[in-house]
Amino acid sequence: MRSLSGDLLLQRLGEQPDDKLHKRLYNAIRISILDGSLPPSSRLPASRDLAQELSLSRNTVLTVYEQLLAEGYVYSRQGSGTFVAETVPDSFLSTANYPVGDNGEQRRVELSKRGATLLHHASASPKQWGAFIPGVPDVNAFPHQVFSKIQARISRRPTPQRLTYSNQGGSPELQHALVDYLRVARSVRCSPEQILITEGIHQAIDLVTRMLCNPGDNAWIEEPGYWGIRNILRINDVNICPCEVDEAGMVPAEQAAGTPRLIFVTPSHQYPLGSVMSLARRQRLLALARNAGAWIVEDDYDSEFRFSGQPIPALQGLEADAPVIYIGTFSKTLYPALRLGYVVLPKPLMNEFKIAHAELYRGGHLLIQAALAQFIQEGHYTAHIRRMRLLYAKRRTFLTTLIEQHLGKQALSEFNSNAGLHLILNLPNHADDVAIAAAASTRGVLVRALSRYYMLPNARRGLLMGFACVPEEQMAAAFSVLLECIYSQES
Ligand SMILES: Cc1ncc(COP(=O)(O)O)c(C=O)c1O
């Protein structure tokens with residue numbers, strides 16, 4: 001039987017354009033190391049086994065292992081095998097995804113240190129649709145007809161203001177619509193001038209970091225937490241301080257960790273574990289931020305989807321003039337490719353951030369923003385969210401039942417609140433969740449390894465499973481494939 005890394009490499013061999021076997025194998029292993037499919041310290045199969053699994057000569061495998069060894073991608077331990085290096089040498093980072101050419105030369109591109117760091121830690125998945133992709137809503141359920149009618153109406157005779165650059169923070173109609181929506185749905189306190197429309201939360205995090213952090217400043221992030229924040233902080237030379245998460249949300253770091261400049265939290269539904277930040281923790285964090293002169297960045301990415309109990313109000317609205325930069329997105333409520341999100345800026349940051357946004361990104365898309373404003377004002381937005389809440393709640397129940405039936409209740413994380421677009425499937429501490437996710441992906445099932453959301457060692461093992469975009473009739477088959485990958489990793 002083939003090993004999981006054998007399966008992965010076999011698939012990647014097929015993707016390599018080169019006709020020389022040793023180059024294809026070299027590229028397949030190197031790319032798997034660089035993109036994390038073969039994680040640091042993992043053991044490569046013995047050369048004899050791999051040769052057999054891939055139907056190659058043992059010499060070919062040995063030659064490739066030696067090349068990777070000489071270049072520092074792997075190291076060997078006498079008597080116990082070949083292992084992936086802990087850190088890939090810097091000199092290779094700039095060539096991360098460039099395959100070897102005919103003459104054996106790598107097609108080198110000189111990247112900046114920033115660019116190389118960005119690529120080295122790149123985590124966005126190339127596959128964005130299918131069971132059980134986490135965090136993706138059911139984009140097929142979006143009322144395209146209603147939206148396109150509104151868009152057509154608005155686009156028929158557009159004013160010049162809607163066809164030129166946006167430098168007032170976005171469409172005024174959308175800013176007004178959001179103030180009403182956020183007050184009612186999320187208990188956020190703000191006026192229209194405080195709203196800045198961005199191309200999603202990602203862009204908002206980039207802007208906040210660039211505008212508020214100097215190199216060497218400290219930013220607290222949740223551990224585990226959203227990977228997208230880490231890379232933005234890294235390339236801005238911000239000192240990242242991971243803070244543990246428990247059932248009451250982020251546990252503020254000890255004083256020794258350094259005074260924070262930014263504190264990134266997901267208080268309403270911790271990403272990815274799912275806990276809700278307690279009132280006491282919220283008050284403590286607010287007091288701490290005020291004393292430290294820090295800003296809390298509240299990422300409220302999917303709070304609309306809470307399937308039982310009361311909605312959890314935003315941290316931003318807890319106190320007047322709270323030191324909170326609130327960010328939200330339409331990626332989860334509508335669809336990710338819309339690339340629309342918003343920042344609620346504290347008044348002292350309002351004008352500076354709008355100018356900076358216009359300087360950095362040259363905002364636009366005002367017609368679609370105006371259409372979205374009408375979509376919200378005519379009630380279609382809240383109606384869509386209500387419909388999706390029912391749909392996702394049913395899908396979540398279906399998936400949790402499947403998990404309980406096959407793996408028992410303990411396989412469901414104790415943090416999973418009845419909310420959001422994904423849940424966490426617990427795996428034992430010795431399980432290799434990265435290898436399971438890689439094996440599942442080669443068989444068309446998409447999950448993400450929980451350990452990848454941690455920065456420090458001793459990460460919990462588990463899988464993030466999205467249920468929102470998976471119709472019940474597709475779940476059982478995809479789940480059986482995943483079970484096979486889990487069991488074959490254990491054996
Ligand atoms: C916690 C969290 N924040 C932010 C985002 C990104 O949002 P956007 O698509 O608006 O950039 C995601 C996307 O998955 C997320 O999970």
Side-chain angles (χ1 to χ4, degrees), residues 122-129 132-139 142 170 174 178 182 186 195-209 219-233 242-243 245 249-250 262-277 296-306 312 314-315 325-344 357 361 363 365 368-369 372 392 415-417 419-424 446-450 452-455 463-469:
S123 302
S125 166
K127 297 179 188 163
Q128 290 292 333
W129 185 248
F132 292 98
I133 179 93
V136 176
D138 192 337
V139 297
F142 178 73
L174 187 54
L178 276 169
L182 290 173
R186 307 293 311 120
I195 297 211
L196 167 66
I197 309 296
T198 61
E199 293 209 9
I201 287 180
H202 225 81
Q203 190 185 72
I205 294 170
D206 186 39
L207 180 68
V208 168
T209 306
W220 291 2
I221 62 164
E222 295 167 324
E223 166 85 343
Y226 177 46
W227 50 266
I229 300 175
R230 297 199 293 242
N231 235 358
I232 293 174
L233 295 175
C243 299
V245 166
M250 175 193 260
L262 294 178
I263 304 172
F264 289 92
V265 278
T266 47
S268 301
H269 188 225
Q270 201 278 328
Y271 187 81
L273 294 182
S275 53
V276 175
M277 191 180 283
I296 297 172
V297 184
E298 177 174 16
D299 178 351
D300 204 27
Y301 65 106
D302 75 353
S303 311
E304 282 81 0
F305 300 114
R306 184 150 287 281
I312 314 287
L315 174 61
I325 300 169
Y326 174 93
I327 50 183
T329 183
F330 292 103
S331 291
K332 315 290 177 191
T333 48
L334 299 178
Y335 60 90
L338 196 56
R339 295 318 297 134
L340 280 178
Y342 39 90
V343 188
V344 177
H357 185 269
Y361 318 111
H365 309 299
I368 199 155
Q369 290 182 26
L372 188 50
Y392 300 164
F415 285 109
N416 282 326
S417 43
L421 308 182
H422 75 274
L423 53 74
I424 299 233
L446 309 172
V447 288
R448 288 185 74 121
L450 177 60
R452 279 297 159 98
Y453 291 74
Y454 288 79
M455 285 190 74
L463 299 173
L464 268 75
M465 300 182 67
F467 48 79
C469 67

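Remember, it's 1-based here, ligands and their atoms both numbered in the order they're listed. No hydrogens, no waters, no symmetry mates; every other heavy atom, side chains included, goes into these values.
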With a 4.0 Å cut-off on heavy atoms, is G200 touching ligand 1? yes
ask   = Hey, are the side chains of L338 and I368 touching, using non-hydrogen atoms and a 4.5 Å cut-off?
value = yes
When rounded to the nearest 0.5 Å, the distance separating CZ of F415 from CG of L423 is 14.5 Å
Of all protein heavy atoms, the one nearest atom 7 (O) of ligand 1 is I201 CB, 3.6 Å
- prompt: Is R339 in contact with ligand 1, taking contact as a heavy-atom separation below 4.0 Å?
  reply: yes
- Close approach of K332 to ligand 1, heavy atoms, under 4.0 angstrom: yes
Checking heavy atoms under 4.0 Å, the part of D299 that sits near ligand 1 is side chain
Taking only non-hydrogen atoms of H202 and a 4.0 Å limit, the atoms of ligand 1 in range are 11 (O)
Does the plane of the ring in W227 sit parallel, tilted or perpendicular to the ring in H202? Use 30° and 60° as the thresholds.
tilted
Would you say E199 has any N or O atom under 3.5 Å from an N or O of ligand 1, going by distance alone?
-> no
Using side-chain heavy atoms (C-beta onward) and a distance below 4.5 Å, is I133 in contact with K127?
no
Among non-hydrogen protein atoms, atom 9 (O) of ligand 1 lies closest to S331 OG, 2.7 Å
* Asked: Mind checking whether H269 and Y301 have parallel, tilted or perpendicular rings, split at 30° and 60°?
  -> parallel
the protein heavy atom lying closest to atom 6 (C) of ligand 1 turns out to be Y226 OH, 3.5 Å
* To do: With side-chain hydrogen bond (donor to acceptor under 3.5 Å, both in side chains) as the test, would you mind laying out the steps for R186 and S268 before giving the verdict?
  => CA-CA 10 Å; R186 307 293 311 120; S268 301; 3.2 Å; yes
Tested for ring-ring contact (aromatic ring centres under 6.0 Å, His included) against H422, the lone hit among Y271, F132, F467 is Y271
